[in-house]
Amino acid sequence: MNFGLTDEQQILSNVARRFLDERAPMSTVRDVMESPEAFDDKLWSAMAELGWLGLIIDDEYGGVGLGWVDLAVLLEETGRGLLPAPLISTSLAAAAISDFGSADQKGRYLPSLADGSAIGTLALLEDGDVLGPDGIALAGVKEGGGYRLSGSKRFVHDAGVATLFIVPFRAGSEILFAVVQSSAEGVSSQSRRTMDETKRMGDLTLDNVLVAPDDVLAGPADGAVALARLFDLAAVAVTAEMIGAMDRAREITTQYAKDRIQFGAPIGKYQGVKHPLAEMYVDVETSRSLLYYAAWCVGEKPDGLPLATARAKAYASEAFTRIGTDGVQLHGAIGFTAEYDIQLYLKRSKWALPAFGDAEFHYERVSSLGGY
Amino acid sequence: MNFGLTDEQQILSNVARRFLDERAPMSTVRDVMESPEAFDDKLWSAMAELGWLGLIIDDEYGGVGLGWVDLAVLLEETGRGLLPAPLISTSLAAAAISDFGSADQKGRYLPSLADGSAIGTLALLEDGDVLGPDGIALAGVKEGGGYRLSGSKRFVHDAGVATLFIVPFRAGSEILFAVVQSSAEGVSSQSRRTMDETKRMGDLTLDNVLVAPDDVLAGPADGAVALARLFDLAAVAVTAEMIGAMDRAREITTQYAKDRIQFGAPIGKYQGVKHPLAEMYVDVETSRSLLYYAAWCVGEKPDGLPLATARAKAYASEAFTRIGTDGVQLHGAIGFTAEYDIQLYLKRSKWALPAFGDAEFHYERVSSLGGY
Amino acid sequence: MDFKLTPDEEAFRDEVRAFAKENLSPEARKSSGFLSNWLKAVREKRWVGFNWPEAYGGGGGGIMKQVILKEEMAKAGAPPLGLCLMGLQWVGPAIIEYGTEEQKKSFLPDILDSKYQWCTGYSEPGYGSDLASLQCKAVRDGDEYVINGQKIWTSIASWSKWMILLTRTDFNTDDKHDGITCLLVEMDSPGIEVRPIKNMAGGSLFSEVFFDNVRVPVENLLGEEGKGWAVTVSALAHERSGISEVAGLAKQLDEVIELAKQATRNGRRASEQPSIRRRLAKADTIIEGMRLNGQRFLTRQLKGEPLSSETSINKLHRAFLAIELGDLSLEILGNASQYLGGDETSGVDQNLWPNGVLDWPTVVIGGGTPNIQRNIIAERILGLPKD
Amino acid sequence: MDFKLTPDEEAFRDEVRAFAKENLSPEARKSSGFLSNWLKAVREKRWVGFNWPEAYGGGGGGIMKQVILKEEMAKAGAPPLGLCLMGLQWVGPAIIEYGTEEQKKSFLPDILDSKYQWCTGYSEPGYGSDLASLQCKAVRDGDEYVINGQKIWTSIASWSKWMILLTRTDFNTDDKHDGITCLLVEMDSPGIEVRPIKNMAGGSLFSEVFFDNVRVPVENLLGEEGKGWAVTVSALAHERSGISEVAGLAKQLDEVIELAKQATRNGRRASEQPSIRRRLAKADTIIEGMRLNGQRFLTRQLKGEPLSSETSINKLHRAFLAIELGDLSLEILGNASQYLGGDETSGVDQNLWPNGVLDWPTVVIGGGTPNIQRNIIAERILGLPKD
């Protein structure tokens with residue numbers, strides 16, 4: 001029993017925090033988020049060098065070969081710093097290929113994801129925004145062992161910069177996963193303007209795209225189960241960033257409450273301020289416990305992953321919504337000026353709520369998985 | 001436009017408060033609630049003399065001929081004082097007869113309700129506790145123009161002391177209302193032990209009871225509509241008592257917060273105490289506004305009654321639940337001793353929540369009535 | 001208790017309705033001179049400055065008719081009755097009460113005629129909720145005051161011609177409410193710098209305003225020197241029920257309900273989902289509660305009773321709703337909510353897309369934060385000790 | 001990070017499970033001497049006083065095994081490991097740490113053997129949360145202390161043989177934590193009067209205890225005179241994760257879920273209603289969060305780090321759940337919930353009827369009110385200024 005970071009994880013966390021403080025302070029975050037795709041080449045290369053992009057990719061494919069708890073440790077830091085970069089997206093694409101690809105496919109795709117030359121993302125959702133097999137209408141038409149795909153995927157994270165999309169589609173009664181390159185004929189994608197400018201999201205349009213047989217992921221025995229696992233991994237990754245972001249929002253607000261003098265005393269002296277801050281602390285720590293257990297389940301207890309994920313994303317979603325709002329509110333008027341950082345965390349909370357299932361969706365899963 | 005008490009209503013309110021302070025202070029309330037039926041003959045007679053029992057009964061039938069806003073004013077006071085007496089029940093029975101009885105039936109029943117010699121109550125619910133026509137399974141078997149009734153009514157307020165029950169039953173596709181006397185053959189009723197000892201509730205059992213034709217209420221054109229109106233009237237009456245009770249719970253707790261010294265200062269100085277008290281005030285005042293409008297609708301705008309009632313009971317139910325709990329909690333350990341009164345208000349909040357529809361039930365009605 | 005209008009009030013309501021119907025028809029709205037025609041028409045009716053004395057060009061209207069006028073206009077979705085909002089709401093009333101005849105003649109007609117904007121220089125950095133601690137300094141120098149200091153959260157400062165400004169002329173008073181002096185300041189005076197504050201929603205309604213040896217003639221003193229605090233509290237019979245504001249909230253809720261009817265969520269219509277229904281129903285109930293609370297406030301005003309802290313009740317409700325209705329819209333839309341400009345593929349009428357979902361702090365914090373409102377209720381109404 | 005047990009710990013867990021299975025079989029539970037057999041069996045195992053040093057009859061067990069033992073017992077629904085709960089939890093540890101050899105010999109075996117009860121005389125009227133301000137007076141008179149004063153909220157005072165009592169021997173200290181003296185007092189001493197406090201649920205777990213010239217021999221001084229405050233904080237390695245408590249909450253939630261499956265509400269099974277489902281799911285999630293928080297506290301303890309204010313996190317969750325699970329049960333049952341003894345016609349297994357639904361204040365207020373917990377977190381962990 002050790003519910004704490006290992007020495008290696010602590011080092012990973014420290015290095016990440018130092019890197020982000022130096023290379024991606026909030027001034028840089030603001031510059032990057034205002035760029036067309038909220039993307040910075042140099043930051044991306046530096047992350048590749050640190051091994052972040054291949055963190056969970058096996059070392060034989062150019063990765064670092066660590067697990068999801070380690071990834072969660074890292075994402076907590078990038079969430080804290082609101083780092084605009086397709087790190088979650090590319091990690092999820094790597095996870096999909098690692099879990100469900102053949103050795104050949106891993107060899108072809110993973111090294112370029114690990115070294116940053118390719119940027120991956122999941123394209124799971126369509127019109128209707130339904131999480132699960134029912135949300136997949138895109139149907140492949142067989143052609144020479146492969147498939148022709150025509151249709152759209154919606155709400156694709158980092159759609160504008162991704163070069164490799166994991167695209168579930170229907171083939172008869174089955175769900176298969178195509179690996180679609182942005183360079184392939186008939187593929188177009190673009191990001192759209194979103195509330196949280198550090199997070200881009202958009203559409204992937206497939207116009208009669210030919211998917212070769214060896215670009216269909218070989219592994220999953222049951223596509224619906226594989227899809228469910230990808231949704232869970234995505235929810236875990238998003239939640240990890242949420243924990244970091246909500247903890248930082250709490251810190252910023254706590255510091256403000258200590259510094260801000262009103263009616264002759266720091267406002268943090270009043271229970272009307274200090275109690276919401278204490279509640280934030282309770283919520284962040286509890287979210288963190290739930291999240292780390294879910295991340296641990298990814299590798300160590302896959303049967304427990306759905307319930308652990310549902311609990312973590314549900315609780316954290318509610319918590320972050322409240323922390324985002326209270327954080328701005330406790331700052332008073334200054335909190336919603338563009339100049340102050342706290343409002344960026346509020347916007348992140350708005351982005352994170354629906355991402356891979358909101359609180360209601362996941363609480364309903366907790367009930368169903370609990371057998372009632 | 002005058003959303004305030006008229007002079008007459010103010011007098012009614014003042015007289016009621018004075019009467020209750022003198023004749024039914026908390027020591028008396030506690031004595032009466034510990035009696036087998038939580039009923040006191042002398043109090044009842046005094047209430048009859050004050051005209052309370054016939055408040056909404058026409059003067060030609062021995063009543064005072066006032067309206068539901070006046071009744072609400074009175075019930076706010078009896079709720080405030082947690083008066084244990086079947087005043088709501090008997091008023092509701094009177095309302096049913098006044099609204100749906102023939103002149104003959106009014107003449108036969110109302111005077112004895114007004115003078116206190118009879119005690120009425122509604123017996124609307126059955127097993128399953130379903131509010132509405134679906135909850136009526138009791139079927140009348142025709143016999144010589146009248147009906148034979150066999151079955152049970154549940155959750156009947158003041159079942160142990162009532163002498164006259166308004167009993168809806170099915171006759172073919174219709175819902176009719178029988179006036180059943182406790183003295184009739186085959187009728188038995190008893191109260192059961194409940195959480196709020198000031199409120200008795202129990203079962204009415206009908207064993208092959210014969211209802212004469214002129215004991216079936218003559219008036220309602222549509223039994224289901226009539227039933228809906230009775231449920232609304234009942235909800236309005238219960239809510240009126242809730243407003244008084246929650247306001248008093250707020251007052252008691254506010255006073256405690258001023259008197260109780262901890263760490264060298266009255267606990268009411270701290271925002272952790274004063275803010276919940278402020279929220280109580282907001283909730284009580286808003287509940288009161290909603291309630292008085294609903295009570296006004298009873299006589300002046302019957303079409304608006306369902307929505308006004310649903311809003312009032314929903315909001316007040318949520319508010320009182322919170323006030324009951326916070327009231328005890330802000331008192332600290334002393335709050336849950338039997339000696340302190342605040343816990344009696346908590347129990348009243350528990351009784352009032354499900355009575356004639358809880359918050360969820362009534363919010364759902366607000367939605368349906370709102371057309372979505 | 002009676003929620004009905006008197007025949008006279010009903011007649012007035014009908015008059016307003018008929019006027020709105022005529023002047024706000026779809027055709028009228030589309031016509032080129034719509035706004036100026038509107039302003040002219042309501043001015044002729046004496047509905048601008050409805051509660052101002054007739055002697056100063058106002059309508060001399062009573063409380064109840066103010067409510068009717070404002071509520072009906074809100075329901076009809078009418079443009080404002082005049083464009084100089086702050087002038088109409090408190091600068092004009094303050095001038096009527098404390099101003100010299102000169103000031104009245106010079107300023108009041110322009111306010112009624114929407115000639116230009118006024119802004120309000122009250123808040124200062126460091127004293128957001130603690131207004132009376134203001135430090136912006138004014139020193140009498142011959143026939144002028146010389147102002148140095150800073151204001152913040154000044155709305156529409158960039159496009160105002162005049163400012164009503166609170167300064168401190170005496171720093172040695174026992175009570176911080178003393179020693180405050182109110183001046184009327186022309187915004188193009190030398191030494192004034194306006195710096196707009198960009199907010200998280202992308203706009204910049206508020207500004208910082210800096211004063212560097214700004215000179216204001218003594219004629220522009222409003223009220224007495226050192227007694228400026230009183231000027232912030234108008235004695236003019238001003239309806240404060242907030243009922244017209246409630247009409248606006250009800251309109252906003254209707255839009256959210258319509259959104260819920262159109263949008264699907266996890267494959268099912270949002271308006272059919274119990275959690276959404278319950279939140280909509282609760283918002284509806286609170287709005288109705290506010291309307292009825294407003295009627296109670298109104299009754300007190302009609303009876304001539306002072307109205308003060310009770311209005312904090314509705315301010316708390318409004319703060320809750322400002323956040324809740326925005327959050328609810330976002331939750332109904334799911335991922336699509338993040339597309340601020342709307343999402344043409346969502347199947348939702350683009351006009352229903354929630355705008356201003358990031359604007360809630362203006363409402364929630366603007367009129368005093370919810371914690372301040374709770375303190376007001378707890379201390380002034382419930383009599384609990386100060387913190 | 002690793003949530004697995006070591007082989008040695010797994011072996012211990014299996015041992016506890018096997019023991020529980022054998023000794024808590026339905027047949028065993030029905031046998032006449034069940035409880036005394038159980039107490040004897042766990043005593044032989046040295047599982048009573050599991051963390052006490054072996055020299056004093058305890059088990060000498062470490063933190064991790066304490067957790068395993070307590071959690072498995074909670075899951076198995078076992079009776080307590082000893083009946084003298086306060087003796088085992090803090091009186092014994094305090095005596096081990098501060099007691100004389102005489103006191104250890106005289107008291108420790110009896111506690112382990114469940115011979116009689118101890119109660120705790122800490123709280124006083126007027127100082128509920130402010131324990132260190134206590135006023136109960138002890139004056140040294142020869143070989144005795146003479147006690148005058150009053151205690152309140154003393155659990156099981158009526159059926160205790162001994163009390164661990166905090167008195168004040170010095171009223172002139174700068175720090176109110178000084179001058180407090182801890183005495184071991186026999187409850188049948190002349191001058192002690194116990195008055196049970198009836199609570200709203202009808203029981204009387206707590207009492208007021210009055211001391212009128214009660215004489216206690218100096219041999220019953222625990223620790224040093226004036227240094228009694230230290231006695232309230234045990235240095236014994238005592239697992240504080242609260243994980244076994246969580247197992248109890250999980251059991252309680254299971255019962256509410258079962259209730260929801262059996263009860264209908266507005267004509268529909270409660271467990272199928274979204275609002276009920278969501279509240280159940282949220283309670284489940286908080287309980288799991290508490291379990292995992294507990295594992296984090298445990299990890300810190302295992303690493304030898306001090307554990308203090310973090311446990312307030314779970315205390316706040318527990319307070320929420322104490323109220324929520326009760327309210328949820330009542331809401332599920334509707335009108336029938338008011339029949340405290342159950343309602344045989346409801347179609348619900350009578351064993352599931354929510355008992356103790358009015359007992360929540362014991363949990364919510366008992367270990368420090370939620371507001372106190374929030375202050376602890378805000379001030380001690382977040383470093384915010386004191387109020």
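Convention: sequence-line order gives letters A, B, ...; per-chain numbering from 1. Every heavy atom of this structure was used, including side-chain atoms; hydrogens, water molecules and symmetry mates were not.
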Original post:
If you look at every heavy atom in B:Val328 and D:Ile365, which pair is closest and at what distance?
Top reply: O-CD1, 4.3 Å

**OP:** Could you check B:Glu339 against D:Lys198 for side chain to side chain contact (heavy atoms under 4.5 Å, CB included), going step by step and ending with a plain yes or no?
**Re:** CA-CA 7 Å; B:Glu339 185 191 344; D:Lys198 201 177 152 202; over 6 Å; no

Subject >> Greatest number of heavy atom pairs closer than 4.5 Å to chain B - which of D:Ser337, D:Gly341, D:Ala336 >> reply: D:Ala336

Original post:
Is any side-chain heavy atom of B:Phe336 closer than 4.5 Å to a side-chain heavy atom of D:Thr362?
Top reply: yes

Original post:
Within a strict 4.5 Å, meaning less than it, do heavy atoms of the D:Leu358 and B:Gln343 side chains meet?
Top reply: no

Subject >> Interface moiety of D:Asp343 toward chain B, non-hydrogen atoms closer than 4.5 Å >> reply: both

Original post:
In terms of heavy-atom pairs under 4.5 Å with chain D, which of B:Thr325, B:Leu125, B:Val273, B:Leu353 leads?
Top reply: B:Thr325

Subject >> Straight-line distance of D:Leu330 CG to B:Ser349 OG, nearest 0.5 Å >> reply: 9.0 Å

Original post:
Relative to chain D, which segment of B:Ser152 carries a heavy atom at a distance below 4.5 Å: side chain, backbone, both, or neither?
Top reply: neither

**OP:** Using non-hydrogen atoms and a 4.5 Å limit, figure out which bit of D:Arg374 sits close to chain B: side chain, backbone, both or neither.
**Re:** neither

**OP:** Taking all non-hydrogen atoms of both residues into account, name the closest pair between D:Gly334 and B:Pro354 and its distance.
**Re:** C-CB, 3.6 Å

Subject >> Winner by heavy-atom pair count (cut-off under 4.5 Å) against chain B, out of D:Ser275, D:Gly202, D:Ala263 >> reply: D:Ser275

Original post:
Which pair of heavy atoms, one from D:Met200 and one from B:Lys347, lies closest together, and at what distance?
Top reply: O-NZ, 2.7 Å

Original post:
According to the interplanar angle, ranging from 0 to 90°, do the rings of B:Phe155 and D:Tyr339 count as parallel (below 30°), tilted (30 to 60°) or perpendicular (above 60°)?
Top reply: parallel

Original post:
So which heavy atom on D:Trp153 is nearest to which on B:Thr337, and how close?
Top reply: CH2-CG2, 3.4 Å

Original post:
Given a strict heavy-atom distance threshold of 4.5 Å, which part of B:Ile261 is in contact with chain D: side chain, backbone, both, or neither?
Top reply: backbone

Original post:
Short question: side chain of D:Asn266, backbone of B:Val130 - any donor-acceptor pair under 3.5 Å?
Top reply: no

Subject >> Pick from B:Gly128, B:Ala265, B:Ala333 with the largest number of heavy-atom pairs that fall under 4.5 Å of chain D >> reply: B:Ala333

Subject >> Region of B:Ile334 in contact with chain D, defined by heavy-atom distances below 4.5 Å >> reply: both

Original post:
By a 4.5 Å heavy-atom criterion (distance strictly below it), what part of B:Gln329 contacts chain D: side chain, backbone, both, or neither?
Top reply: both

Subject >> Within 6.0 angstrom of B:Asp259 CG, more than 12 heavy atoms from elsewhere >> reply: yes

Original post:
Where on D:Ile323 is there a heavy atom nearer than 4.5 Å to chain B: the side chain, the backbone, both, or neither?
Top reply: side chain

**OP:** List the atom of D:Gln338, the atom of B:Lys350, and the distance in Å for their closest heavy-atom pair.
**Re:** NE2-O, 2.9 Å

Original post:
Measuring from B:Ile267:CD1 to D:Asn371:CG, what's the distance to the nearest 0.5 Å?
Top reply: 9.0 Å

**OP:** Mind ranking D:Asn335, D:Leu340, D:Leu333 by heavy-atom pairs under 4.5 Å with chain B and telling me who comes out on top?
**Re:** D:Asn335

Original post:
Does a sphere of radius 6.0 Å around NZ in D:Lys137 hold more than 12 heavy atoms from other residues, nucleotides or ligands, not counting ones at 6.0 Å or beyond?
Top reply: no

Original post:
Can you tell which of B:Arg193, B:Met195, B:Lys199 has the highest number of heavy-atom pairs within less than 4.5 Å of chain D?
Top reply: B:Met195

**OP:** Measure the CZ-CG distance between D:Arg265 and B:Asp129 for me, rounded to the nearest 0.5 Å.
**Re:** 10.0 Å

Original post:
Can you list the residues that meet the salt bridge (Lys or Arg N to Asp or Glu O under 4.0 Å) rule with B:Asp203, with sequence neighbours excluded?
Top reply: B:Arg154, B:Arg192

**OP:** Select, from D:Ile152, D:Ile197, D:Thr345, the one with the greatest count of heavy-atom pairs under 4.5 Å involving chain B.
**Re:** D:Thr345

Original post:
Tell me, side chain or backbone of B:Asp134 under 4.5 Å from chain D's heavy atoms, or both, or neither?
Top reply: neither

